[in-house]
Structure formats: C-alpha cells, structure tokens
J.: 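What follows is a single structure, and I will ask about it in a moment.
Residue numbering restarts at 1 for every chain, and letters A, B, ... go by the order of the sequence lines.
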Amino acid sequence: MSSPVRVRFAPSPTGFLHVGSGHSALANWMVARQTGGEFLLRIEDTDAERNRPELVDNVLEMLEWLGLTWDGTPVHQSARGELYADAAQTLVAAGAVYFCDCTGEQVQARNKESGGKPGYDGHCRDRGLVAGPGRAARFRTPDEGRTGWTDLVRGDVTFANADIEDFVVLRGSGAPMFLLANAFDDADMGITHVIRGEDHVNSTPKYLLLLDALGLSRPTAFAHMPLLVNESRKKLSKRRDDVSMSDYRDRGYLPEAMVNYLALLGWGPADGVEVRPISEIVDLYRLEDVNASPAFFDQKKLSFVNAEHIRALPTDEFQARAIPFLTLGDPAREALATLAVEAQERVRTLAEVEPMIEFLIVDEPTVDEASWTKAITKGRNVVEMLDASIARLEALDADQWIPAPIQEAIGAAALDAGLVNAEGKPQLSKAQGPVRVALTGRTVGLPLWESITVLGRERTLSRLRATRGRLE
RNA sequence: GCCCCCAUCGUCCAGCGGCCUAGGACACCUGCCUUUCACGCAGGUAACACGGGUUCGAAUCCCGUUGGGGGUACCA
C-alpha cells in the first residue's frame, strides 16, 4: 500500500474517546502518514437524541494528545442533512427503498409469533406506501446473490443477500440513519480505505448495497480491525471497563506510550522491537499483517511500555511532564527538581511521582503499617541503630551534608549498633531500614543518602528523634 | 435462533509446508548486581483446542467438531 490513501476516523459523540476507538483511529492515521495520504475526521452526529456536542471536544482533544493530527476541518454530519435527503431521493426514484409504518413493537410481535427471529420481516415491502410523516424508508435488499468484499485483515467476507434484512435508511422523522450518511459520506469524501472495528463487519454488506444503489463507487479497500477485549474476552465497554482515553492521560500515561501500546494490539513489528517511537512503527505497519482475532487490552503491559517511555525522556522533559501531576505546589516542584533522576527510573506513570517525593513535602510522613512492622517492630537493633544514626549525623558539618559523607555516617552508625557482616563491614541493607521508615514512612523508596541530603539536617534529625521517641 | 469472524505460552506478538526438540515481549518464579525499591543481567515455568484429510513432510493447506467473540435497532 504505497499510493496515498484517503482515510477517515468517524466517531459518534456519544461518549468520551474510548481506547478501542483510539486503536482504530491510530490505524487510520498510521496508514495515512505512511503513504503520504490524508487522515480525515467526520463527526457522526445524525442521532439528535443521543448526540452530546460537548463530547466532540473530548474526542478532538484526545486525538491531539495522542498526536493523531488530522487533515482539513472535521465534517459534521448534522450539517449535511440536505445531502442525505438528496441521496435518499435518489433511492426513492430508483425504487431501491420503500416506505414502512411498522413500529418496533409490531415488528417484534410478528417475529415472536413466527419463531422469534430478529430483524425486519418485510411486512411493508409490497404495500406501496408513499412517503409520509412517521414512515421510514427501508432499503429493499436483494433476495438472491451474495454481497462481499476482500478485507485487508480478514480476507474474503461474503453474506447471502437473503440474510440481510430490509434496513432503515431514513427515519420516520426524515432524518438519515447511520448507514446512509456513513456510506454516502465515504463516497462523497473520496475515502479509499475504510478502516474500522470488527463490530462493523455485519453492516458492511448493507453499506455496499447502498453505495451500489446510489450509483456511487465502493472504497478500494476495507480493513476491519480486531476488537479490544477485557479479561473475560468481551468487547471493551464503557460501563464495566477502563476505557476512557482521558482517564489514562489523567493517570499519568504518556501519549507516546499509549500509541505505541495500541499499535501492538493486533500487530507486531517483524524485528521484535516492541517499544519504539511511533515514527518507526508508521514505517513498519501493514494492515495486511494485522491479526483478525480480538486482543486483550493489558494494562500491565501498557504500564511497562509507559515506564520505558518515561525512562527514555530527557530528565528536564520528564520533570516538565510530571509537574501537572503534582498537587502539593511549589514544594513539590522543588522536591522533584532535586530527585528527578532518581524518580524517573522508578515510576511507571507520572502519577506515581508525587507519592515518591511526598516525604519531602509533608510535615509528617504517613507511616505505612507494614513497613513499620517490618523495619521497626521486627527489625534488629533498631533502637541502637536510631541512636547511633542520630549521633553520627549530628556530628556531620554543614558542608558534609551530601550523599557520600551521609553514607559513611550511616555505615558507622551500623557498626556502632552492631549491624556487622562477616567481613566486619556494616550491613547497610539492615541498617537503612529503620532510618528509611523514620524519614519516609516506608521501607521502599528513593535512594536513602540522596533523600537525606535533600530532606536536610533539621528534618532528618527531628524525624529520627521522633521515631526513637516512639520506642521508649 | 440466524448471520459473520476468530482459534500458537496466563497475555500480546513471531511463525505463511521442511530452518520448530515452536521464537520474542509482558506478567510470574529463581539467582546475580545492590543502601530499600527500580533498572540491568543470567536463568526458569508456560502454548500449536480436538478429529479427519492433503503431502515424502503440517503450528503452517482443506474439511468437520468444539470453544470464543461480534452482529442481529426508525444507535453508531
């Protein structure tokens, strides 16, 4: 696929941008960029009832955040009613549609009576109803033959026309339905490749039949992407799954990590290098290589990819990106500035930064119970270690309040406290436990010597004394 | 129910008839490194759903079974 394609992402503003939609949008965008083609946006807001215009902002904002820049101005279907009305008129003139006044209840009732199969039963097919208020226009699908296409992801897919129900193209209100607007616009916008989720496979024959009846040409290619599923292998749903793109952004995921991970769902680079810049993926990506089976959206792997991208950032860039996630103001920024390098290689998301440096900001670090038990209650020579640490650190001059002397002081304190290994060296791993808990409230955290340096003499000593005091 | 699609480690990918005693990544476990954690390094557990074909030869092709998913609206 080297000639320029013209693709589109056509979200319906009924919810926040979903990671599944992002997956499809990304595929469209990559193929457009790879071929020097165009990536267009079309807002499918033909359903006035469900439509929530303010959600369009979220969709556009998230696409921008992901870096999926589009070409031209987004098309809004709500502003193109006349075009669809004309298209419908073409269908009426050609006898491709008929009018129907059945209500949903009536159709269901008849279906129930005749064996319970869903879909329209063709009740009004030959009633010769003319257009009128409350009467929907239904497409008269062929009774014989098959309709199909060659899908870039799935190969040949065909449906027996007899299995395709007479679907509505125009509501009783005169408003167009999805299929009419969707198929018409793809042709009108000159879309060459229709790339969308697998959930559209079943409507594709209707789409094709419609284009044929309209005398419009079919897109040159279709690609139905695998669905993204949850742990129970069901399609990701707004209700029960974590699918809002903005939530991931707000939880500290990097856009470059998100697009990297999304690209890996249903596809993999031939060289096996999974974590890489999207620009490289754009060059390697082939719709023909995309898997047709559903892919599990694995947050653990997303986190891994995110951590890799965080570590790859220049430190000042990491700081800049982390700042919006700080809630504790200037002190938090200052703390981050001093320990950015150390924090950067430990966090998996930007939201994890602040908890890591929080001990520098709050007056009293929150004591983690399990940590206290492990390092203080069950620790060895804890009282001795705390006393010795206080003494050794107090002895340090102001200009020695830097990592190396601090490490020596703690080492000496360990010897004082009897925490000695077989070679007579201090058991630093044991020795630092009580000190770390006294200073940060936890047994795990940033490197201690650096933390003590930044914490400062006064706070370090007072926290050590306070903890020592609790052990009287 | 009917229609469509899918089927390799727990998960995501590689494999496109012999190079497969099936490879990589995430996760998990072990060890090393190490002031904790993380990183890094070295290992480990773990899969071709089943049954028939085709072929000298099948994870790879065909058929069936089973399993899973999607669709089945005057939603998109």
J.: Give none if B:U66 has no partner; otherwise give the nucleotide forming a Watson-Crick or G-U wobble pair with it, both distances under 3.5 Å.
T.: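 Base-paired to B:A7.
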J.: Pick the C1' atom in B:G10 and in B:C29, then give their distance to the nearest Å.
T.: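 Looking at atom C1' only, B:G10 and B:C29 are 14 Å apart.
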J.: What do you reckon, is CD of A:Glu54 surrounded by more than 12 foreign heavy atoms closer than 6.0 Å?
T.: yes
J.: A:Asn291 side chain N/O closer than 4.0 Å to the phosphate oxygens (OP1, OP2) of B:A7?
T.: no
J.: Identify, residue by residue, the members of residues 137-149 of chain A with a heavy atom below 4.0 Å from RNA chain B, and return them in order of residue number, or none.
T.: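 Hits under 4.0 Å, by residue number: A:Arg138, A:Arg146.
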J.: Check ring pair (Phe, Tyr, Trp, His ring centres under 6.0 Å) between A:Phe99 and all other residues, then give those that pass, not counting sequence neighbours.
T.: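 By the ring pair (Phe, Tyr, Trp, His ring centres under 6.0 Å) rule, A:Phe99 matches no residue at all.
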J.: Got a sec, which residues hit side chain to side chain donor-acceptor pair (under 3.5 Å) with A:Thr14, two or more places apart in sequence or on another chain?
T.: none
J.: Could you measure between the two P atoms, the one in B:C2 and the one in B:C12, and give it in whole Å?
T.: 29 Å
J.: Under a 3.5 Å limit for both distances, which nucleotide forms a Watson-Crick or G-U wobble pair with B:U54, could you say?
T.: none
J.: With sequence neighbours excluded, tell me which residues meet salt bridge (charged side-chain N to carboxylate O under 4.0 Å, His left out) with A:Arg233.
T.: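 Scan of A:Arg233 (salt bridge (charged side-chain N to carboxylate O under 4.0 Å, His left out), adjacent residues dropped) gives none.
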J.: Over all strands shown, is A:Asp289 touching base, sugar-phosphate only, or nothing at heavy-atom distances under 4.0 angstrom?
T.: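 Sugar-phosphate, backbone atoms only, no base.
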J.: Run the ring pair (Phe, Tyr, Trp, His ring centres under 6.0 Å) test against A:His23 and tell me which residues pass, sequence neighbours left out.
T.: none
J.: Is any side-chain nitrogen or oxygen of A:Thr46 closer than 4.0 Å to OP1 or OP2 of B:A76?
T.: yes
J.: Could you give the distance separating B:G15 and B:U8 at their C1' atoms, to the nearest angstrom?
T.: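 The same atom, C1', in both gives a distance of 9 Å.
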J.: A:Tyr253 and A:Tyr261: aromatic ring centres closer than 6.0 Å?
T.: no
J.: Could you let me know what B:G43 is paired to, Watson-Crick or G-U wobble, both distances under 3.5 Å, or none if it's on its own?
T.: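 B:G43 is paired with B:C29.
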J.: In whole angstrom, give me the gap between the P atoms of B:G53 and B:A27.
T.: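 Each nucleotide's P atom is 44 Å from the other's.
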J.: For nucleotides 24-45 of chain B, give me one character per nucleotide, 5' to 3': B if any protein heavy atom sits under 4.0 Å from the base, S if the only such contacts are to the sugar-phosphate, - if neither.
T.: BBSS-------BBBBSS-----
J.: What distance, rounded to whole Å, do you find between the two C1' atoms, one in B:A14 and one in B:G23?
T.: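 Per the computed distance, 7 Å lies between those C1' atoms.
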J.: Would you mind classifying the nucleic acid contact of A:Arg154 as base, sugar-phosphate or nothing, using non-hydrogen atoms under 4.0 angstrom?
T.: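 The residue A:Arg154 makes sugar-phosphate contact but no base contact.
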J.: Who passes ring pair (Phe, Tyr, Trp, His ring centres under 6.0 Å) against A:Phe139, sequence neighbours left out?
T.: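 A:Phe139: ring pair (Phe, Tyr, Trp, His ring centres under 6.0 Å) contacts with A:Phe167.
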J.: Across nucleotides 61-71 of chain B, 5' to 3', mark each nucleotide with B, S or - according to how protein heavy atoms within less than 4.0 Å reach it.
T.: --------BBS
J.: Apply salt bridge (charged side-chain N to carboxylate O under 4.0 Å, His left out) to A:Arg146 and list each qualifying residue two or more places apart in sequence or on a separate chain.
T.: none
J.: Scan residues 414-423 of chain A for pairs that pass side-chain hydrogen bond (donor to acceptor under 3.5 Å, both in side chains), counting only residues two or more places apart or in two chains.
T.: A:Arg392-A:Asp416
J.: Name the nucleic acid region contacted by A:Thr158, choosing base, sugar-phosphate or nothing; use a 4.0 angstrom heavy-atom cut-off, strictly under.
T.: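 The answer is sugar-phosphate, as A:Thr158 gets under 4.0 Å only of primed atoms, P, OP1 or OP2.
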J.: Could you give the distance separating B:C6 and B:A47 at their P atoms, to the nearest angstrom?
T.: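 These two P atoms come out 25 Å apart once rounded.
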J.: Checking A:Phe359 now: which residues fulfil ring pair (Phe, Tyr, Trp, His ring centres under 6.0 Å) with it, not counting sequence neighbours?
T.: none
J.: Base, sugar-phosphate, or nothing for A:Gly134, non-hydrogen atoms under 4.0 angstrom?
T.: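 Answer is base: heavy atoms of A:Gly134 come under 4.0 Å of a base.
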J.: Write down the distance separating the P atoms in B:A46 and B:U11, rounded off to the nearest Å.
T.: 16 Å
J.: Taking the P atom of each, how far is B:G51 from B:C56, in whole Å?
T.: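 Roughly 23 Å separates the two P atoms.
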J.: Would you say the side-chain atoms of A:Ser21 pair up with the backbone N or O of A:Leu17, donor to acceptor, closer than 3.5 Å?
T.: no
J.: Any chance you could lay out the ring pair (Phe, Tyr, Trp, His ring centres under 6.0 Å) test for A:Tyr248 and A:Phe16, step after step, and finish with the verdict?
T.: CA-CA 12 Å; A:Tyr248 284 92; A:Phe16 292 134; over 10 Å; no
J.: Residues two or more places apart in sequence or in another chain: which of them pass side-chain contact (heavy atoms from CB on, under 4.5 Å) with A:Pro11?
T.: A:Phe9, A:Ile43, A:Val59
J.: Both distances below 3.5 Å, Watson-Crick or wobble geometry, any strand: find the nucleotide opposite B:G1.
T.: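 Base-paired to B:U72.
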